> 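This is the structure, below, for whatever I ask next.
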Protein chains: 2
Amino acid sequence: MVQIPKQQPAQPSAALEAVSAGPVAPAGPARGAVPTSADVARLAGVSRATVSYVLNNTSAVRISEPTRRRVREAAKELGYVPHAAARSLRAGHTRIVLMPTPEVPVGPLYSGFLNELQWALSRLDYTVVQYGSVGLGGEDAARAWAELRPVAVLAPVAMGPDGIGILKRSGAKVVITLGPDPVAGTHALIMDHREVGRAAGAHLLARGHRRVGVVMPREEGLDMFALPRLAGVQESGAQVVRLPLAYEEDDAARAAAHLRELGLDAVFAYNDEYAMLLMRALQDAGADIPGEVAVIGADDLMLGRLLRPRLSTVRIDLPSGEELAGLVDRLVRDPAAAPEVRDVLVASTVPREST
Amino acid sequence: MVQIPKQQPAQPSAALEAVSAGPVAPAGPARGAVPTSADVARLAGVSRATVSYVLNNTSAVRISEPTRRRVREAAKELGYVPHAAARSLRAGHTRIVLMPTPEVPVGPLYSGFLNELQWALSRLDYTVVQYGSVGLGGEDAARAWAELRPVAVLAPVAMGPDGIGILKRSGAKVVITLGPDPVAGTHALIMDHREVGRAAGAHLLARGHRRVGVVMPREEGLDMFALPRLAGVQESGAQVVRLPLAYEEDDAARAAAHLRELGLDAVFAYNDEYAMLLMRALQDAGADIPGEVAVIGADDLMLGRLLRPRLSTVRIDLPSGEELAGLVDRLVRDPAAAPEVRDVLVASTVPREST
DNA sequence: TTGAAAGCGTTACCAA
DNA sequence: TTGGTAACGCTTTCAA
């Protein structure tokens with residue numbers, strides 16, 4: 001209460017400008033400074049409130065046409081752009097949807113899915129933020145994400161109940177987990193890749209193959225999908241041998257030789273790309289496909305249809321990005337809705353010539 | 001001045017809490033409300049300033065160990081997470097790097113590149129925001145982006161000088177365009193896909209092929225790359241025929257027939273995937289490759305090595321994501337640096353068996 | 001129809 | 001060593 005009580009609480013920035021820009025009172029924004037709505041107001045000769053009304057087309061208030069024009073012209077002249085952070089600070093919420101990025105390139109199918117989802121969300125006027133958790137554990141990652149106060153989070157499987165609690169408590173209206181298992185207290189899109197393995201295993205068994213090799217990519221980060229796919233094959237009742245395979249020709253040749261030594265009569269190759277790699281190595285070594293060994297991939301990529309023999313595969317249907325974005329939007333509007341658990345991964349075999 | 005004038009200007013939220021949560025003054029945050037640093041301060045019995053000092057490890061100030069502990073415990077108990085928007089509002093800047101997403105799936109090479117870049121930026125502690133411009137024209141898009149006050153923008157080619165002006169004026173320290181041509185006033189990473197076409201054309205000419213078909217994907221959005229690649233082939237001096245091709249087997253069969261009718265002796269197939277598609281159609285129609293018609297792709301994907309004949313291709317080297325992220329970081333620290341124009345796309349032919 | 005002012009959650013200056 | 005307070009840019013209620 002000693003000095004400068006509350007003399008001119010309204011125009012502090014104007015004071016700063018006077019210092020840095022030169023002359024006195026009604027100056028424009030300082031050179032190099034970003035114009036604010038106050039600058040627009042000053043230039044248009046109105047109050048900040050009026051500027052806000054005009055630029056947001058607030059319908060509850062009637063502003064005269066001349067005033068509107070003056071404000072708009074001032075805004076344009078200054079190149080004024082509203083400040084999203086300030087706006088959402090005031091509003092108390094954001095339109096941010098957080099999508100933690102998978103750490104690893106994760107195949108054309110899934111990344112296409114994420115991409116589509118992203119676009120669909122943008123179209124619904126959400127701001128999609130990709131956040132790398134970068135070496136943070138579950139809870140630390142959740143805290144980092146929570147700083148952005150996202151209205152919704154689409155979390156990969158790693159997220160546990162604690163992380164979810166942190167996000168919810170920070171104001172996230174919706175947390176949706178994508179993964180093999182539901183997490184208590186939130187919506188879940190179950191994407192159980194065991195189904196993929198099961199489909200492949202059942203198909204191979206039906207064709208009379210018992211001893212099945214399952215390709216396990218050596219590439220980091222693919223375990224997330226590879227392990228459940230393996231488990232699925234095992235559940236189908238086939239006799240399973242793991243075949244580690246790096247995405248390189250040399251390693252494929254080695255794996256092909258190994259596979260023949262083991263006397264396996266079929267291979268589930270993780271996906272179509274690894275299948276193509278391994279199939280080529282087998283053919284180069286003189287193996288007959290599917291006579292000596294049957295090969296099945298997954299993801300139903302175009303390339304499978306182009307191989308000879310044509311590659312059998314497991315087709316994976318994921319919901320469209322638009323559909324999912326719609327779900328997110330619906331849940332944001334009605335956050336009280338009971339946790340929804342949806343099985344969204346549908347696997348079906350596409351028999352072709354390689355099995 | 002009728003009710004509740006300005007009695008307790010300091011604790012408005014506390015007042016709200018009193019209403020919704022029950023008892024009087026020093027309550028915790030209202031149930032369901034997001035805890036703020038003020039809540040932490042209250043619980044720890046210190047001021048907000050002290051909370052800030054403790055949680056940010058401000059070195060300029062010495063806080064007693066017991067106080068630190070009290071603050072930290074209070075924060076943990078409440079599940080306090082700082083509010084990024086408030087922080088950056090106060091700070092006057094963000095660590096947001098805006099990366100407008102391409103509207104279309106754009107091939108494994110480029111999307112891998114973007115993905116890598118994104119991770120590298122996260123690792124440098126930037127927040128990467130993917131923004132879909134969704135039908136906004138250049139300037140409107142720029143304005144939408146500017147609302148986030150990004151410290152840096154990595155813009156696709158579309159951005160013109162006006163858009164750049166808007167971003168710069170809104171406080172973006174760095175704008176980098178990715179595209180075929182530099183834009184005045186900013187840094188540019190020149191990715192000139194004509195080089196790809198030139199390399200392919202030169203290679204085919206050197207092998208004695210004159211009449212070259214150039215595959216033009218019918219898929220939307222790929223023109224961005226396809227047109228310059230076409231132009232590059234034309235510049236190489238070959239006689240060029242455009243071959244529109246959708247990424248489907250049927251259309252490939254049609255295109256293959258058409259190509260043979262035209263008597264072309266070589267094809268540059270846009271990329272390896274289209275090359276594989278077309279090559280298969282040609283082979284199925286009984287064409288000898290490279291005897292009757294030579295085929296060259298681009299991007300040097302693994303699949304090219306697995307085809308028979310092995311696919312010749314144009315290898316594209318882009319800088320690593322880490323390198324680029326480093327560049328962004330350097331420019332952010334030194335925004336005054338003269339605009340840098342770097343040619344980052346290096347194309348080299350990888351001759352194999354298909355030419 | 002317009003304006004004044006409060007307040008969103010932070011941090012940083014200055015005083016105690 | 002700690003606390004009070006102003007200020008970041010915006011929206012919105014209340015008054016005029």
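A, B, ... follow the sequence lines: proteins, then strands. Residue 1 opens every chain. Remember, it's a predicted structure, so these values are computed and weren't measured experimentally.
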> Let me confirm one number: the CZ-CD distance from A:Arg123 to A:Glu322, rounded to the nearest 0.5 Å.
6.0 Å
> Minimum heavy-atom separation for B:Ala84 to A:Leu148, with atom names?
CB-CD2, 3.9 Å
> Quick one: is B:Arg87 getting a side-chain N or O under 4.0 Å of the C:dT11 phosphate, OP1 or OP2?
yes
> What is the nucleic acid contact for B:Val81, judged by heavy atoms within less than 4.0 Å: base, sugar-phosphate only, or nothing?
sugar-phosphate
> Does C:dT2 have OP1 or OP2 sitting under 4.0 Å from an N or O in the side chain of A:Thr50?
no
> For DNA chain C, which residues of residues 58-66 of chain A approach it to below 4.0 angstrom with any heavy atom?
A:Val61, A:Arg62, A:Ile63, A:Ser64
> Check whether any side-chain nitrogen or oxygen of A:Ser47 sits under 4.0 Å from OP1 or OP2 of C:dT2, and answer yes or no.
no
> Mind calculating the distance between OH (A:Tyr80) and C1' (D:dG9) to the nearest angstrom?
7 Å
> Tell me the interatomic distance from B:Asn56, atom CG, to C:dG9, atom P, rounded to whole angstroms.
17 Å
> Remember a base hit wins even if backbone is also touched, and classify B:Ser88 as base, sugar-phosphate or nothing at under 4.0 Å, heavy atoms.
nothing
> Counting just side-chain N and O atoms, does A:Tyr53 come under 4.0 Å of either OP1 or OP2 of D:dC10?
no
> In whole Å, I'd like the distance from the CZ atom of A:Arg70 to the C1' atom of C:dT1.
12 Å
> Angle between the end axes of the helix from C:dT1-D:dA16 to C:dA16-D:dT1, five pairs per end, to the nearest 10 degrees?
50°
